[in-house]
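Read through the structure below, which is laid out as structure tokens, and then see the notes.
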Amino acid sequence: MEQFDLYNYDRSLSGKIMNRGTKVPEGLYRLVVYVCIFNSRGEMLIQQRQTYKKSWSNLWDLTLGGHVQAGETSWQGANRELLEELGLHHDFTGTPPAITLTFTTGYDDYYLLQQDLEISQLHFQKEEVQGAKWASLDQILKMIDDSTFIPYHKGFIQFLFAMKDKLTVHTREDWTKPEVQ
């Protein structure tokens with residue numbers, strides 16, 4: 001049975017754990033990671049979910065996503081999910097997510113990567129993934145319209161594509177400091 005850490009509103013660990021398939025207790029949050037891989041042609045690697053998945057079966061999705069397990073950090077969850085679902089290694093150690101969103105029962109951390117790779121290099125986790133392909137922004141938006149892609153807000157998909165070239169977060173050294181008179 002998979003278990004997930006639960007977090008407080010300020011994203012601190014609550015010390016509580018939940019089992020997969022149970023409802024998140026009110027006032028607590030779970031953590032989900034997503035990895036979006038883009039190639040040098042500006043396309044995103046997308047995966048098709050298995051036909052027997054409980055949610056969004058047979059639909060196309062972002063490169064990958066999954067729950068962070070109990071005892072893992074966000075980047076450890078991203079490492080594990082990437083290896084499990086696609087058979088790829090990437091060291092996210094110490095890498096903050098490019099984007100974090102808060103939703104009713106959790107936090108979504110999005111990691112964005114640029115990597116040219118062949119679909120034949122991937123090793124799918126048969127329980128999760130039935131296929132993968134590269135897709136442009138326009139292709140994904142059309143797939144949303146055709147109900148063959150998970151119905152994310154189109155603006156969010158556009159935002160992911162806009163952020164693909166800005167893969168690092170801004171540090172304090174990046175800020176322009178006003179001159180002191």
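Residues Leu160 and Ile99 form a side-chain contact, since some pair of their non-hydrogen atoms from C-beta on lies under 4.5 Å apart. Between Ile17 and Asp5 the shortest side-chain heavy-atom distance falls below 4.5 Å. Side-chain atoms of Glu127 and Gln50, non-hydrogen and from C-beta on, never get closer than 4.5 Å to each other. Here the side chains of Leu141 and Gln158 are in contact, with some heavy-atom distance below 4.5 Å. In this structure, the side chains of Arg20 and His67 come closer than 4.5 Å at one or more pairs of heavy atoms. Between Lys154 and Asp145 there is a side-chain heavy-atom pair separated by less than 4.5 Å. Counting heavy atoms from C-beta outward, Leu64 and Val129 have side chains that stay 4.5 Å or more apart. Side chains of Val24 and Met18 form a contact here, defined as non-hydrogen atoms less than 4.5 Å apart.
Looking only at distances, no side-chain donor or acceptor of Gln48 sits under 3.5 Å from a matching main-chain atom of Leu59. A side-chain donor-acceptor contact under 3.5 Å links Arg49 to the backbone of Ser55. The main-chain N or O of Phe92 is found under 3.5 Å from a side-chain atom of Asn79 such that the two form a donor-acceptor pair. A donor-acceptor contact shorter than 3.5 Å is absent between the side chain of Asn39 and the backbone of Asp116. Using modelled atom types, one side-chain atom of Asp10 and one backbone atom of Ser12 make a donor-acceptor pair closer than 3.5 Å. Judged by distance alone, the side chain of Gln130 and the main-chain N or O of Asn58 form no donor-acceptor pair under 3.5 Å. Judged by distance alone, the side chain of Trp134 and the main-chain N or O of Leu117 form a donor-acceptor pair under 3.5 Å.
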- Query: Stepwise, does the side-chain contact (heavy atoms from CB on, under 4.5 Å) test hold for Leu62 with Met44?
  - Reply: CA-CA 8 Å; Leu62 305 174; Met44 183 192 293; 3.8 Å; yes
- Task: Starting from the C-alpha separation in whole Å, work towards a yes-or-no answer on side-chain contact (heavy atoms from CB on, under 4.5 Å) for His90 and Val35.
- Result: CA-CA 11 Å; His90 182 83; Val35 176; over 6 Å; no
- Test side-chain contact (heavy atoms from CB on, under 4.5 Å) on Leu31 and Arg11 and set out the steps. CA-CA 9 Å; Leu31 180 57; Arg11 199 167 164 157; 3.4 Å; yes
- Task: Carefully, step by step, assess Phe156 and Tyr110 under the rule ring pair (Phe, Tyr, Trp, His ring centres under 6.0 Å).
- Result: CA-CA 12 Å; Phe156 180 66; Tyr110 291 82; 5.0 Å; yes
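Ring geometry, Tyr107 versus Tyr7: the interplanar angle exceeds 60°, so the pair is classed perpendicular (tilted spans 30 to 60°).
Between Thr95 and Trp75 the shortest heavy-atom distance is O-CB, 4.1 Å. Minimum interatomic distance between Gln114 and Lys164 (heavy atoms only, all atoms of both residues): NE2-O, 3.4 Å. Taking both residues in full, the closest heavy atoms of Pro25 and Leu6 are given as CD-CD1, 3.8 Å, listed atom of the first, atom of the second, then distance. Summarising the geometry of Val33 relative to Ala78, their closest heavy-atom pair is CG2-N, 3.8 Å, with the distance given to 0.1 Å. Taking every heavy atom of both residues into account, Asn19 and Gln3 meet most closely at OD1-NE2, 3.0 Å. Nearest heavy atom pair, residue Ala132 against residue Ile119, reads O-CG2, 3.7 Å.
More than 12 heavy atoms of other residues, nucleotides or ligands lie within 6.0 Å of CD in Gln121, so this atom counts as buried by the packing criterion. Crowding of Lys142 atom NZ: a count of heavy atoms from other residues, nucleotides or ligands under 6.0 Å not exceeding 12. In Phe103, the CZ atom is crowded: over 12 heavy atoms of neighbouring residues, nucleotides or ligands sit closer than 6.0 Å.
Rounding to the nearest 0.5 Å gives a distance of 4.0 Å between CG of Asp109 and OG1 of Thr100. The structure places CG of Leu137 at 8.5 Å from CD1 of Ile157, a figure rounded to the nearest 0.5 Å. For the atom pair Leu86 CG and Gln125 CD, the distance stands at 9.0 Å (nearest 0.5 Å). In this structure, CG in Leu122 is found 14.5 Å from NZ in Lys133, a value given to the nearest 0.5 Å. With values rounded to the nearest 0.5 angstrom, Phe161 atom CZ is found 4.0 Å from Ile140 atom CD1. Atom OG in Ser74 sits 2.5 Å away from atom OH in Tyr111 (nearest 0.5 Å).
Follow the hydrophobic side-chain contacts under 4.5 Å out from Phe159 and you reach Phe38 in the same cluster. Note: the hydrophobic cluster containing Leu28 does not contain Leu13 (ILVMFWY, side chain heavy atoms under 4.5 Å, direct or indirect links). Transitive grouping of hydrophobic side chains (ILVMFWY, heavy atoms separated by less than 4.5 Å) brings Leu101 and Trp56 into a common cluster.
Judged by distance alone, the side chains of Asp138 and Ser136 never bring a donor and an acceptor atom under 3.5 Å apart.
Ion pairing between a basic and an acidic side chain is recognised when a charged N comes within 4.0 Å of a carboxylate O; Asp61 and Lys53 show no such pairing.
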